[in-house]
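In what follows, chains are A, B, ... by sequence order, proteins preceding strands, each numbered from 1.
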Protein chains: 2
Amino acid sequence: MREMQRQREVQDMLRTAGLRPTRQRVALAELLYSRGNRHISAELLHEEAEAADVPVSLATVYNTLHQFTEAGLLREVAVEGTKTYFDTNTDDHHHFFIEGDNRVIDVPGSGVSMTRLPEAPEGMEIVRVDVVIRLRRKD
Amino acid sequence: MREMQRQREVQDMLRTAGLRPTRQRVALAELLYSRGNRHISAELLHEEAEAADVPVSLATVYNTLHQFTEAGLLREVAVEGTKTYFDTNTDDHHHFFIEGDNRVIDVPGSGVSMTRLPEAPEGMEIVRVDVVIRLRRKD
DNA sequence: ATTTGTGCAAATCGTTTGCATCTGA
DNA sequence: TCAGATGCAAACGATTTGCACAAAT
């Protein structure tokens, strides 16, 4: 069935990234990548895993998210606040952040463009430019 | 002397913002605003206060920073990482973030400009746009 | 006098770490 | 076999909170 098919894909993805496809990693990867782009916190992913009958410790969820990030399968989103979000979309793109319900969503298409990026200071190079558009519910 | 002059200015600033000019708040405001624009963490401000012989508890530093922020005297800078930075420059401007030494600095002038800001999703309005340019030391 | 702010210590939250135990190649 | 992964619980750092005390109007 479809289930096994997806597992194999995920395993290959992990192997390609140089990560052993363990039970937990495969399960987490499936949760992450089987529903389009997501912006998820460690805690929420942990809950989803439990709900899906995949017992994983929170520590392992953190380890896994960081490994995926280093392997280029995820991207950390720098939003203010204490929580860290991981984005399954690693392409160059920007984010809306909804104050209040603390949700992160992608800016569709290339809705932002920058003209005149400033020069990096002496001896520095630009790693990435993050744009976060803070939103509030209109009342 | 100059010292008292500055105190009065700061007291007025606080009163105008609707905050009682208490000993601690005046002292913290002086530290914040007497040396040009700063990007400072609660912990560092606390240390500076101690060093300046103004005993303030860390809790009060946090309270004060948040009150100043609500009053529009400060702006929280959304950089990833656990620590929160407060910026004494509340104008519209963007930031460099130096990975490694976790420093935040202002992008000078209006070195960045955005064309085509995306529309806010239905029922939402844009509060602010934060741009963080991540830098790494060139090797 | 009344309201508002402060200090302290304990509590909380998200995240990381140490280490003994398991598991996949 | 055995390097590498996992789970657990304890450790951690930053921030917050509750409450008795102190200071500002």
*Considering the options A:R137, A:K138, A:R136, which one meets the salt bridge (Lys or Arg N to Asp or Glu O under 4.0 Å) requirement together with B:E125?*
A:R136

*asked:* Distance check needed: C:dA25 C1' versus A:Q11 CD, whole Å only.
replied: 13 Å

*All side-chain hydrogen bond (donor to acceptor under 3.5 Å, both in side chains) counterparts of B:E47, not counting sequence neighbours*: none

*Is there a path of hydrophobic side-chain contacts, each under 4.5 Å between heavy atoms of I, L, V, M, F, W or Y residues, that connects B:L44 with B:V79?*
no

_Hydrophobic cluster identity match, B:L117 and A:L135, side-chain contacts under 4.5 Å_ = yes

*Minimum-distance pair of heavy atoms, taken over all atoms of A:D87 and A:H93*: OD2-NE2, 2.8 Å

*Honestly curious: do B:V56 and B:V26 fall in one hydrophobic cluster under the side-chain, below-4.5 Å linking rule?*
yes

*asked:* Looking at B:H66 and B:Y62, would you say the former's side chain and the latter's main chain have a donor-acceptor pair under 3.5 Å?
replied: yes

_Close approaches to DNA chain C from residues 38-47 of chain A, in residue order (heavy atom, under 4.0 Å)_ = A:E43

*Kindly state which residues belonging to residues 48-63 of chain B come within less than 4.0 angstrom of DNA chain D, counting heavy atoms of the residue only, listed by number.*
B:L58, B:A59, B:Y62

_A:Y33: which residues meet the ring pair (Phe, Tyr, Trp, His ring centres under 6.0 Å) condition with it, sequence neighbours left out?_
none

*On DNA chain D, reading 5' to 3', which nucleotide is the first and which the last to sit with an atom under 4.0 Å from a heavy atom of chain A, could you check?*
D:dA3 to D:dC8

*Is there a donor in the side chain of A:H39 and an acceptor in the side chain of A:D106, or the other way round, less than 3.5 Å apart?*
yes

*Are A:V132 and B:V132 in one and the same hydrophobic cluster, where Ile, Leu, Val, Met, Phe, Trp and Tyr link if side-chain heavy atoms are under 4.5 Å apart?*
no

*Heavy-atom distance under 4.5 Å between the side chains of A:L19 and A:T64, does that happen here?*
no

*B:V104 and A:V127: same hydrophobic cluster, using ILVMFWY side-chain contacts below 4.5 Å?*
no

*Expressed in angstrom and rounded to an integer, what is the separation of B:L19 atom CG from C:dT3 atom P?*
19 Å

*Does any residue of residues 64-77 of chain A have a heavy atom under 4.0 Å from DNA chain D, and if so, which ones, in number order?*
none

_Crowding at CZ, A:R23 (>12 non-hydrogen neighbours, <6.0 Å)_ = no

*Determine the Euclidean distance between corresponding C1' atoms of C:dA11 and C:dG7; express it in Å to zero decimal places.*
16 Å

_For atom CG of A:L14 and atom P of C:dG24, their distance in whole Å_ = 14 Å

*Between B:R20 and B:Y85, which is nearer to the 5' end of DNA chain D once each is assigned its nearest nucleotide?*
B:Y85

